[in-house]
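To find a chain, count down the sequence lines: A is the first, B the second, and so on, and within it residues start at 1.
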Amino acid sequence: MAAKGLADKVRETQVWKSIFRHGPPDNARNRAAVVAGNVFLHLHPIKLKKSGVQLGYTWCMGGLTFFIFLALTVSGVLLMFYYRPTAEYAFNDIIALREHVPLGIMREIHRWGAHSMVITTWLHMFRVFMTGSYKPPREFNWGVGVILLVLTLLLSFTGYLLPWDQLAIWAITVGANMAKATPFLGHGGPGASLAQIGDFVLVSDKNDVRFQLLAGRFVGEPALLRFYILHCVFIPLVVGTLIAVHFWRVRKDGGISAPL
Amino acid sequence: MRELINYFADPIRSFPAVCVLFYLMMKYYRVVGTKKFLYWSLAFIIPVSIWFAIDPNFFTILILPDNIPIIILLVAVGFLQWFTFYKAAQNDARIEEGLGPLEGTPENREKVWSWPNLVYTELFMIIAATSFLIVWAIVFKAPLEEPANPTWAPNPAKAPWYFLGLQEMLVYFDPWMAGVVLPGVVVVGLIAIPYIDTNPKGNGYYTIAERPVAMWGFLFGWLVLWLYLIIVGTFLRGPNWTFYGPFEYWDYHKVVAEYNVNLSEFMWIKWLNTAMPENMFVREILGIILSLGYIIILPPLSAATKYGKMMIEKVGMIRYYIFIVLLLLMMSLPIKMVLRWLFSLKYIIALPELELNL
Amino acid sequence: MSERRQSLNRREFFSYISVAWIAFGAACANLASLAFRYSYPNVNFEPEMEFIAGTPDVYEEGVDERYKNGYGVWMVKLEGKLFALSNICTHLGCIPNWLPAELKFKCPCHGSGYYMSGINFEGPAPRPLERYAISLNAEGKIKVDKTKVYRWEKGQWDHPNSFLSV
Amino acid sequence: MKKLEPGMAYDTNKLNKLFAFLSVLFLMITVWVFLDDYIRPWKAVQIEAMKIKKEKLQAKLDLAEKDINQEKLTELKTKLEEAEKVVSKRKQDIIKVDKELTKIGKKVKAETILNGTLNSQVAAYTFKYEQAQLKSKDNKAVVFANLKEFKKKFAESKDRMKAFQSEQKSLMKKKEELQAEVLTVERSIEKMTVTRDLVKKALKKTEMGPIFAIRNAPFLDYLDPTLKIEQIVLENITDDRYFQQVPRVDRCITCHTFIDQAGYEDQPNPHKTHPNLELMVGRDSPHPMKQTGCTTCHGGEGHRVNDFTSVAHWPEDEEERAEWEEKYAWHEPHRIPSPMLKLKHTEASCVKCHQGVEHIPGATVLNEGRQNIEKYGCYGCHKIEGWEHKRKPGPSLEKIASKVDKEFFKNWVWDPKSFNPNAMMPSFFNQSNNSQPKHMVKNIAEVNAIAEFVWEKSKSYRPFMKYTGGDVEAGKELTAQVGCMGCHGVEGMEAESEKINAYAGPYLYGTGSKVDPDWLVSWLKKPSHYDENTIMPSFRLTDKEANDIAAYLLSLRNKKFEKYTFKEMDKESRDEILVSYLSAFDTEEVARAKLAKMSDRERTLELGYRSVGKYGCYSCHNIDGFEGRAPIGPELTNEGSKPLTQFGFGLQKQVEHTRDGWIKAHLLDPRRWDIGIDKPFKDLTRMPNFYLTDREAETMTIAILGQVSEKIPLTGVKRLDADEKIVAEGMKVVNKFNCVGCHQIDGVRGDILAKYEDDLNEGPPRLVNEGHRVQVDWFHYFLDNVYPIRPWLSVRMPSYNLTDEERNQIVTMFQHKAKQPTLVDRSKIVNWEPGEKDAAWKLWDEMACASCHTAGFNNDDPSAPNLYFARRRLRPSWTKKWLEDPQAILPGTLMPNFWMDGESTSPDILGGDVDRQIDALTKLIYEFGTEKLPTKNTKFWSKQ
């Protein structure tokens, strides 16, 4: 009882009130206020259809994807404390992360998180298709989702190179060699041999899309730096922006789908 | 027994088997979508998986840290696929009775407060996911191999697991198809889905009966052409990208008899029994005709059929053609696979001069 | 409002939810402290702060510069004491030079001068050079530990670890 | 079901319960992370190490306590008390001095302040004055005056300060004097207890009290932990990251705590001290830990610490493997390019840094392995960088027809061991992969063809001497005596041969069944007549001696082998093989047509030619027509870095799947990989079987394992200095001619000495610091004109067929090894002081030098070298050293020591001064010595 009295007193202080502008969310007004008044929660509608909160319907895969994205951002930033994207140090730094850096599972969290994000993204799309939720008025948001899916894979793919071990460079080599085969743009792709004016080769191994991707003819230090920037700055920014669009459109397109 | 499974795991045999299984599953989804089926299949799958895992060769591949996500994915997809069937079967039964889907019942359409219903659910999922991730991270160490060495490629050199489906396609297609065109088509096709699928039913609830074409098409691509190929690429491809049964030791020296022949070689040498023509386009004429025919002539032809007419009526000309072209492109993969297995066909069009092999 | 709250089973409400929030808070605090700990590396690659500087009998009266470049330390033997003098000027952190002819350390940046003992006597230096902890290990060799600093103005030069009697 | 509140999908209570459950779970998992991160195996090891250290220190402390003379200590303590009493009587004086000290201290401080102020003023005015000068201001003069004034004041203040300071010093001294008794006693007490106190202090550090617990507590261990990862950063040795070379980091010492500290030899691993600290790891060794690191030699993943396996430890044998599997859950590490070498293979790593030398001191097993590689001539067929200078391992076949019989040749090639169980020639035929009849027929055809081909190519040679018969027994004795056994094993003297284990020349077995008698006697007399490139020297045998030795060697017969007749060539098989050669780029039809055009003889010769190429005979033997052909086997330079997947293990399951496992198995039976595998005749493995012993294979494996591609930066490798380079080059020549077969050079080898265990003086002289002993010009002369030096020896220094360059290399090798100048100016050695010469002669007589060095002094048989020739031969500085203490140079020598323990036996000569006596005697030797050099016919007793 005393504790309760103290709690009540705390709730009446100016400090508490300045932070929480409403009472405990146990009535309609406060429940609305808490969602509408909180910058993080106001992504949600104040009320939504019951099916929208049922795991059996939503599987929560979209939400998890977003959360894992946040977790990856945090762990990724922390990893940047100890990782240098150079041919000299990259591999040794990865060893260091396991051998002597405190909290030796940071890299694991990041890597398994990345895999999880791919999985949750796929499952999210699977669910959306199964419930036909791409249908009007949500066609555009489905498209945004597909692009996010591609970006998720790219994020994971660019991160795959950073440990700078055999697994990394050869997986990226295999992947980058596909870019080589892009029709007309890769020097090993169909049509590339046509793009030639006399001795002047328009599409060769030193100016095609693979070269652009790797900043070289093979996976080397420039590619490492490039993938690092793509992985840590460029793609996350794009993904973040598109996530905002995606969420906005979920709300604007009528919330989580339900039978019309 | 293990020998038998090794034998049947080869894509030549397992791909048709998977297709048949897929057909049965879709056809009898109401049987699949019952709890009884779930229990029976669990009773079957769990001991079988354990038996699989006991095998040392399979176990070594299974617990490669980078393969764990695939296992998680498979378990998740297995359950969720059953779950959609379960829900869809319920809904479809209700719809037949004229009751409408479960999601549409008044109590499920009731509006509820985000706080605490939604917010708590999310918080729980966050906690659960974080815990799961941490446990996973503690138990399984991230892989780290030898330092990057540009002069020596490991065998097999595999892409990340989520791209292994694509890498498996490389067996059947040249990189420009498997690595660029087909993935591009997948992305474009996915984006195009809402615009092609004009069926107003099935929006916001699980159903199969009300949107059979969409379901059959999507699930075939997702389960058979994507996930199945990832499984093959991960578990059944070893050094030199050679096929290894699940219980087979990855012997680096395994050699498989494989010699593939181009369509043009079939045509000129085997059928016409003459020398190959000098001009490359003449040489490849049959392949070119077939390919163009496949992508240009088949759509109008199909439009003339009964189904074609029916669909055009529903969705219009443009949507129909886009749909058909996408479908044909998707089906080109299984077609090529089957041709490879049956006739050892290497390329339908082989124009290495232009890097254009199909 | 209070009436509505009465209607709930208050004890249960409070107990579960407080356990939940406390545990949740504790877990988050745990993770935060891990992140804090994470920012302190366990291993570093800086030059070693501790080094073995031979035996006392290798030093002659005066300033010995053999550890200056590697470790930033002058070994000075003066009036029966051997001490390890920092080579960082107390003014703005330049590195003074030892001028054997004039028996003083002279900083090239702003002209601070120090006696052999490390006491400043000219230029802008505000205080004498610092001395490092010096001791003998079990094998009788000199161990200099740069992590421990002794400052004259704090009266620390009488500390038994700031010099060796020779 | 309970009715829910409107607007609620779930029961709030249930949500709270679930929330509580999940949160508690979450909390537990975060705690788990903490612990998982905190508990690291190396911490347990370090705690164990602390306990061990504590025990050791405790023992040391007890010892130190015992060392302190307690009686003396108590005595000192009473002395201290007395001294204190004495000093306390001067209390008043001390207090007075203290007071004065305070006063003067104040003065010094005040003066310091004043001094500082003035100093800054001077500095400020200097600046002002300079500015005024620069800008030609009007107040220049005023400023200058001020500056001068301040300078004067500053100087005065400084003077005062110096005065105060000296006063302060003298006061302090005074105070010390007043306390002198106490201070001295205190100091001597301290001296006695210093060791104990230090140990006590160290012991305190091993205490595991609350402070220890806090410093190493989870989370708090960022403050200043005592349990921590220790590492060595090696700037001079790098890890190959393929794109970059990165300084290597070894953290092995995190667990191997006492590896560089003596005194822990009795501990189990990982706490054990490294063996042989003076050579390895020790601070003063040539390979100090902080510079050489650990993985440089041992291999493995030095930067890893968390897991016994990931470090890539590798067990020595099956037993250890089982032990580790149980103790550390060890398994073969995956994805590690080079795991640790097995402990017994560690010496392999020496080669990484010690290149260009034939012999690596201390690396006994490795040297043995390299010697075996030389013995069996691996480098003949396999290129190994650094072995290019070696001669072909087998004898030249260019004139073979005159040496042996064709039938013998075939039988020998077919199975060398059946003729000579010690044959070094390996077996190509009748091996596990080609002993099937269908292969044998073809092999027989090949051997026949090879013989025909070699005979066809063989140039004619006519021995210059005829064997006239000799005394077998005398021959046997000569063979044993003159020194044949430094290079050859000899049948009939098996026990000695085994002891010596010579390999530079063939084991002489069944020679009578092998060679032509005339050829043999000519060969013995003058080997270079038959083969001008042979390393076989001439022993300057008389015709009788040569005949006697030949008689003995001819008496050695392998009767069984003589009876063998080699099977005729099966012509069909020959043609079949030829077709397979000819159809390599053509159809069989064309090949047969080509064959049809060849005559029978041509076909045989063609097959012979092809077969010599196929089996690589030319790699070891000079055969006409194969000059400049690349060696037949794969290069071994980087064998130790070859990825394991590139080794074909065939069906040999019992072979350990490691690099060393493969190499050793391969050496023991190269053909094993073909077993059970169906290969066409031409693709059968051709590496012959050397029938190595297990020991040989093991040591060779080590030598081959050391052939790695790892790049060590120049700063990290052993770089030979100018002298060492010359020595290394010279040693190549020394080894080529197998000088070390007879001479032990500075303690290395001297194989034949095994025969003279009873009296080393009977064997070839041991060469200790030979470059210091002999003069360069003499050495040159001697190598070309060998003459007997030591009259008591029956073993002979032979005459080698050296080129000028080779002779030069040998001589300079010894010279630079001893770091001696080239020439000695002999004209300046002898400069007598008055009376010295007489004294020298007196010494000569008293020491009775001429009783052994008789030559030229009396007619007794000499039992020591002729001193007349010492002038040209010995360096004076060495002579003095030798006289001073012969045993120190050559233990066991018969030369007596006349100045035992620095005391002269003739105290009345030259005042008994050792140095002067030795000087005088040395001068004497050079005085009567002759400038003329002897020839091979010079008698021992001759003056000239």
Examine whether an atom of Ile169(A) lies under 4.5 Å from a heavy atom of chain B, and if so say whether it belongs to the side chain, the backbone or both; otherwise answer neither. side chain
Answer with side chain, backbone, both or neither: which region of Leu153(A) has an atom nearer than 4.5 Å to a non-hydrogen atom of chain B? both
Please state whether the side chain, the backbone, both or neither of Pro143(B) comes within less than 4.5 Å of a heavy atom of chain A. both
Does the distance from a Lys or Arg side-chain N to an Asp or Glu carboxylate O, for Arg138(A) and Asp253(A), drop under 4.0 Å? no
Between Phe132(B) and Trp136(B), how do the two ring planes meet: parallel, tilted or perpendicular, split at 30° and 60°? tilted
Please test Leu164(B) against Arg237(B) for side-chain contact (heavy atoms from CB on, under 4.5 Å), starting from the C-alpha separation and ending with a verdict. CA-CA 10 Å; Leu164(B) 283 184; Arg237(B) 293 290 180 183; over 6 Å; no
Ser75(A) side-chain N/O to Met106(A) backbone N/O, donor-acceptor pair under 3.5 Å: no
In the structure I gave you, are the side-chain heavy atoms of Leu223(B) and Met25(B) within less than 4.5 Å of one another anywhere? yes
Side chain, backbone, both or neither: which part of His110(A) has a heavy atom under 4.5 Å from chain B? neither
Could you check whether any side-chain N or O of Arg210(A) sits under 3.5 Å from a backbone N or O of Gly186(A), counting only pairs where one atom can act as donor and the other as acceptor? no
Have Arg211(B) and Thr207(B) got a donor and an acceptor in their side chains that come within less than 3.5 Å? no
Ile68(B) portion near chain A, given a 4.5 angstrom heavy-atom threshold: neither
Please evaluate residues Ser257(A) and Tyr57(A) with respect to the criterion side chain to side chain donor-acceptor pair (under 3.5 Å), reporting the C-alpha separation (whole Å), side-chain torsions for both, the decisive distance (0.1 Å), and the verdict. CA-CA 10 Å; Ser257(A) 69; Tyr57(A) 183 74; 2.8 Å; yes
Which atoms of Asp174(B) approach chain A - backbone, side chain, both or neither, heavy atom under 4.5 Å: neither
Using heavy-atom distances under 4.5 Å, tell me whether Ser156(A) contacts chain B through its side chain, its backbone, both, or neither. both
Pairs of heavy atoms under 4.5 Å with chain B: top-ranked of Asn177(A), Ile119(A), Val174(A), Thr120(A): Ile119(A)
Please state whether the side chain, the backbone, both or neither of Ile256(A) comes within less than 4.5 Å of a heavy atom of chain B. neither
Looking only at heavy atoms and a cut-off of under 4.5 Å, which of Phe140(A), Trp164(A), Phe157(A), Trp170(A) has the most pairs with chain B? Trp170(A)
Top residue by heavy-atom pair count (under 4.5 Å) with chain A, among Thr121(B), Leu144(B), Thr84(B)? Leu144(B)
Quick one: what part of Pro154(B) sits under 4.5 Å from any heavy atom of chain A, side chain, backbone, both or neither? both
Which bit of Glu353(B) is near chain A, if near means a heavy-atom gap under 4.5 Å: side chain, backbone, both or neither? backbone
Rounded to the nearest 0.5 Å, the CG atom of Leu329(B) sits from the CE atom of Met177(B) at a distance of 6.5 Å
Is any NZ, NE, NH1 or NH2 atom of the basic residue among Asp197(B) and Lys135(A) found under 4.0 Å from an Asp or Glu carboxylate oxygen of the other? yes
Interface moiety of Ala28(A) toward chain B, non-hydrogen atoms closer than 4.5 Å: both
Between Val112(B) and chain A, which part of the residue has a heavy atom less than 4.5 Å away: side chain, backbone, both or neither? both
Any sub-3.5 Å donor-acceptor pair from His231(A)'s side-chain atoms to Gly159(A)'s backbone N or O? yes
Measuring from Trp176(B):CH2 to Glu355(B):CD, what's the distance to the nearest 0.5 Å? 11.5 Å
Portion of Pro65(B) that has a non-hydrogen atom of chain A nearer than 4.5 angstrom: both
Structural part of Ile46(A) lying under 4.5 Å from a heavy atom of chain B: both
Select one option (side chain, backbone, both, neither) describing which atoms of Leu123(A) are under 4.5 Å from chain B's heavy atoms. side chain
With a 4.5 Å cut-off on heavy-atom pairs, point out which of Ile72(B), Asn199(B), Val77(B) contacts chain A the most. Asn199(B)
Geometric class of the Trp222(B)/Trp122(A) ring pair [parallel <30°, tilted 30-60°, perpendicular >60°]: perpendicular
If you tally heavy-atom pairs under 4.5 Å between each of Glu139(A), Met178(A), Gln54(A), Lys50(A) and chain B, the highest tally belongs to Lys50(A)
Portion of Phe163(B) that has a non-hydrogen atom of chain A nearer than 4.5 angstrom: side chain
Got a second to check how far Phe126(A)'s CZ is from Trp226(B)'s CH2, nearest 0.5 Å? 15.5 Å
Kindly determine whether Trp161(B) and His115(A) satisfy ring pair (Phe, Tyr, Trp, His ring centres under 6.0 Å), including the steps that lead there. CA-CA 9 Å; Trp161(B) 62 270; His115(A) 288 326; 5.7 Å; yes
Val53(A) versus chain B, heavy atoms under 4.5 Å apart: side chain, backbone, both or neither? both
At a heavy-atom separation under 4.5 Å, does Leu97(A) approach chain B through its side chain, its backbone, both, or neither? neither
Which of Gly132(A), Pro190(A), Ala192(A) touches chain B most, by non-hydrogen pairs under 4.5 Å: Pro190(A)
Contact part of Leu219(B) toward chain A, heavy-atom cut-off under 4.5 Å: side chain, backbone, both or neither? side chain
Look at Trp112(A), Trp59(A), Phe91(A) and state which one has the largest set of heavy-atom pairs under 4.5 Å with chain B. Trp112(A)
Name the region of Ile172(A), side chain, backbone, both or neither, that has any atom closer than 4.5 Å to a heavy atom of chain B. neither
Nearest-0.5 Å distance, CG of residue Asn38(A) to CZ of residue Phe20(A): 9.0 Å
With Tyr205(B), which of Glu103(B), Lys87(B), Glu210(B) fulfils side chain to side chain donor-acceptor pair (under 3.5 Å)? Glu210(B)
Relative to each other, are the rings of Phe83(B) and Tyr86(B) parallel, tilted or perpendicular (30° and 60° limits)? tilted
Pick one of side chain, backbone, both or neither for Tyr160(A), based on which atoms fall under 4.5 Å of a heavy atom in chain B. side chain
Applying a strict 4.5 Å limit to non-hydrogen atoms, the region of Asp66(B) in contact with chain A is both
Chain A contact via Lys158(B) - side chain, backbone, both or neither, heavy atoms under 4.5 Å: backbone
Can you tell me how far CG of Leu133(B) sits from OG of Ser116(A), rounded to the nearest 0.5 angstrom? 5.0 Å
Value for CD1 (Ile95(B)) from CG (Leu102(B)), rounded to nearest 0.5 Å, stands at 9.5 Å
Contacting moiety of Val181(B), where chain A heavy atoms sit under 4.5 Å: side chain
Does any backbone or side-chain atom of Ala32(A) lie under 4.5 Å from a heavy atom of chain B? Answer side chain, backbone, both or neither. both
Top contributor to chain B contacts, counting heavy-atom pairs under 4.5 Å, from Lys49(A), Gln166(A), His44(A), Arg111(A): Gln166(A)
Taking side chain as everything from C-beta outward and backbone as N, CA, C, O, which of these in Ala128(B) sits under 4.5 Å from a heavy atom of chain A? Side chain, backbone, both or neither. neither
Heavy-atom proximity to chain A below 4.5 Å, by part of Phe140(B): both
So for Trp142(A), is it side chain, backbone, both, or neither that comes closer than 4.5 Å to the heavy atoms of chain B? side chain
